[in-house]
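Got a structure here, written out as structure tokens. Questions coming.
What you see is a predicted model; the values in this text were computed from it and never measured.
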Amino acid sequence: MAEVKSFIPILKSYLKKMIDLGGSDLHIKSNSNIRSRIRGDMAIISKDIFPKSAVEMLAKEILKDDFEKFFTKKEYDYSFVLDENYRFRLNMFYQIDGISMVFRVIPTKILTIDELQLPNAIKKLTTVHRGLVLVTGVTGSGKSTTLASMINEINENYPKHIITIEDPVEFVHKDKKSLINQRSIGENSLSFANALKASLREDPDIILVGEMRDLETIEIALHAAETGHLVFSTLHTLDTKETINRIVSSFPPIEQNRIRITLASVIQGVISQRLVKTVDGKRAAALEILLKTPRIESLIAENRDSEITDALLEGHQTYGTQTFDLALYELFKSGRISLQEALANATSVDDLKLKVSILDTTKKDDDIDFELKEAK
């Protein structure tokens, strides 16, 4: 790479290329090629090697006075603005070859619940007045996008005071019917717990906590939900059962029964999501949805988590709850994803095959078996 005075223009060219390719994350690693995650898969988007010294200079250009903090902490979260249409959540970290950076694209335009083609149950959760709503899934599963669409729905329709606590702030909301104060950890507050404690004295109707990372934050969030606030947050859990278990098991055994009863009382919904590839080469969210019902409340309080999946199936028609497999089935039935993709992401392949065979009685079992093998 030729000697240059500034690496920012080079960075911006890579970010624009990634966006043009439909990518979600740009990876810059010292002494390696530039790569991007495109529709879920990693791909090399430039044969150029970014030298260790160049990546360090880029880090200094981006962070300026904060570079010393990064040097001390060895990892750092930051925001980077490309233009009026695109912002990025940036994480820098040291690894054995030098510095690496990951830029996660955050579109300025906040998609609505309808534009994301999310189930009606998601919109229903924006109308509740108090309690706890969780959006869960692995990194990159679209949790922030779903939460942003829900906050936007409230902002468009209700006169509320909303406080968001994030690390860093991702989607920027403009005041509409609601008043929205957004706080970034490290820049506007020292920690999630500190900001969450303070928010209870700031007259909020709704509090969004970017992530429930530790016991203190979880406990304060439960307290906020108990005392009449609506709390939105995220967890890195795979499904609704694991989400309930993760919260309860965060506490010492002597307190877990109390926490179960509290959680059963305040939980309004758990949305667990996975991104699956659509037939047109894009991605869609498959959602497992738990909504508060008398049975769900009893199952959580009585430590009968193993029965939650059956309760979600039984409550589908009446309440709008659903399992992952039901979500995959609906995406397949609507033609948005292939059978292979549905089977590859299913929790119970046999159950999903049975539903598909009932849907299409002209499809032979051998055909389904063949497509299953292809999916594997």
Side-chain angles (χ1 to χ4, degrees), residues 19 22-25 37-40 85-89 104-128 133-158 162 164 166 169-174 176-178 180 206 208 210-211 230 232-236 238-240 268-291 312 316 319-338 341-342 345:
I19 292 167
S24 60
D25 299 80
R37 187 171 298 280
I38 301 173
R39 299 183 181 91
N85 295 316
Y86 289 97
R87 298 171 62 251
F88 296 84
R89 183 181 69 201
R104 165 67 56 84
V105 64
I106 306 169
T108 302
K109 175 177 167 51
I110 299 172
L111 296 177
T112 66
I113 291 174
D114 292 334
E115 287 171 331
L116 291 170
Q117 301 183 56
L118 300 177
N120 289 332
I122 306 304
K123 193 171 289 188
K124 180 181 176 181
L125 284 170
T126 66
T127 66
V128 299
V133 176
L134 299 172
V135 180
T136 81
V138 300
T139 300
S141 59
K143 298 185 296 295
S144 297
T145 301
T146 297
L147 272 177
S149 73
M150 297 175 78
I151 295 298
N152 180 70
E153 178 74 15
I154 296 168
N155 192 21
E156 293 274 6
N157 294 287
Y158 305 104
I162 303 170
T164 78
E166 304 169 73
V169 169
E170 297 191 23
F171 292 90
V172 176
H173 297 268
K174 295 181 179 179
K176 295 176 184 176
K177 284 198 172 180
S178 292
I180 304 183
I206 297 165
L208 184 151
E211 185 181 346
L230 178 58
F232 290 92
S233 193
T234 71
L235 280 171
H236 291 285
L238 295 177
D239 57 28
T240 54
Q268 292 292 340
V270 179
I271 306 159
S272 297
Q273 58 187 65
R274 304 170 187 170
L275 290 183
V276 294
K277 294 180 181 178
T278 58
V279 293
D280 60 359
K282 298 179 181 179
R283 293 194 290 176
L287 306 183
E288 180 169 275
I289 303 173
L290 177 151
L291 300 175
L312 298 184
H316 179 60
Y319 301 107
T321 58
Q322 66 184 33
T323 62
F324 272 123
D325 288 355
L326 184 55
L328 291 166
Y329 171 75
E330 294 293 342
L331 287 169
F332 167 69
K333 188 171 74 170
S334 67
R336 294 185 68 194
I337 67 172
S338 68
E341 186 69 7
N345 288 278

Requested in this report: Applying side chain to side chain contact (heavy atoms under 4.5 Å, CB included), run through Phe232 and Val135 and close with a yes or a no.
Outcome: CA-CA 8 Å; Phe232 290 92; Val135 180; 5.8 Å; no
Requested in this report: Would you mind reporting whether Ile19 and Tyr86 have side-chain heavy atoms less than 4.5 Å apart?
Outcome: yes
**Report entry** Side-chain heavy atoms of Glu153 within contact of Thr112, under 4.5 Å
**Finding:** no
**Report entry** Flag for Asp280-Thr278: side-chain donor and acceptor within less than 3.5 Å
**Finding:** yes
Query - Step-by-step side chain to side chain contact (heavy atoms under 4.5 Å, CB included) determination, Leu312 to Leu290 - result: CA-CA 6 Å; Leu312 298 184; Leu290 177 151; 3.9 Å; yes
Report task. For residues Leu331 and Ala285, report the shortest heavy-atom separation together with the two atoms involved. Result -> CD1-O, 4.1 Å
Query raised in the report: Hey, is Glu166 close enough to Arg89 for a salt bridge, meaning N to O under 4.0 Å?
Result: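 Arg89 and Glu166: not salt-bridged.
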Query raised in the report: Does Ile122 reach the side chain of Leu287, with side-chain heavy atoms less than 4.5 Å apart?
Result: yes
Query raised in the report: When you check the gap from the basic side-chain N to the acidic O, do Glu341 and Lys277 get nearer than 4.0 Å?
Result: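 Judged by the 4.0 Å cut-off on N to carboxylate O distance, Glu341 and Lys277 do not form a salt bridge.
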In a table with atom names and distances, give each donor-acceptor pair under 3.5 Å that connects a side chain of residues 139-150 to protein atoms at least two apart or in another chain.
unit_1	atom_1	unit_2	atom_2	d
Ser141	OG	Val138	O	2.7
Lys143	NZ	Gly137	O	3.2
Lys143	NZ	Val138	O	3.0
Ser144	OG	Glu170	OE1	3.1
Thr146	OG1	Gly142	O	3.3
Thr146	OG1	Gln273	OE1	2.8
Thr146	OG1	Gln273	NE2	3.3
Ser149	OG	Thr146	O	2.7

Query - Side-chain heavy-atom pair Thr126, Ile113 within 4.5 angstrom cut-off - result: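 Heavy-atom side-chain distance check passes, below 4.5 Å.
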Report task. Quickly, which of Ile162, Ile110, Ile154 forms a side-chain contact (heavy atoms from CB on, under 4.5 Å) with His173? Name it, please. Result -> Ile110
**Report entry** Note, Leu326 side chain near His316 side chain (heavy atom, < 4.5 Å)
**Finding:** yes
Query - Side chains of Tyr158 and Thr127 in contact at under 4.5 Å (non-hydrogen atoms) - result: yes
Requested in this report: For side chain to side chain contact (heavy atoms under 4.5 Å, CB included), just list the numbers for Arg336 and Gln117, CA-CA rounded to whole Å, side-chain angles, deciding distance to a tenth of an Å, and then say yes or no.
Outcome: CA-CA 11 Å; Arg336 294 185 68 194; Gln117 301 183 56; 3.5 Å; yes
Requested in this report: With salt bridge (charged side-chain N to carboxylate O under 4.0 Å, His left out) as the test, would you mind laying out the steps for Glu115 and Lys109 before giving the verdict?
Outcome: CA-CA 11 Å; Glu115 287 171 331; Lys109 175 177 167 51; 3.6 Å; yes
Query raised in the report: Quick one: does Asn155's side chain get under 4.5 Å of Ile180's, heavy atoms only?
Result: yes
**Report entry** Full working for side chain to side chain contact (heavy atoms under 4.5 Å, CB included) between Ile271 and Thr240
**Finding:** CA-CA 7 Å; Ile271 306 159; Thr240 54; over 6 Å; no
Query raised in the report: Is there side-chain contact between Ile106 and Val172, with at least one heavy-atom pair below 4.5 Å?
Result: no
Query raised in the report: Is the charged tip of Arg104 near the ring of Phe88: under 6.0 Å from the six-membered ring centre and within 45° of its axis?
Result: no
Query raised in the report: Are Thr136 and Ser272 close enough that a side-chain donor and a side-chain acceptor fall under 3.5 Å?
Result: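 On atom types as modelled, these side chains qualify, holding a pair under 3.5 Å.
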Requested in this report: Could you tell me which residues satisfy side-chain contact (heavy atoms from CB on, under 4.5 Å) with Lys333, sequence neighbours excluded, listed by chain and number?
Outcome: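 For Lys333 the side-chain contact (heavy atoms from CB on, under 4.5 Å) partners, ignoring immediate neighbours, are Tyr329, Glu330, Leu359.
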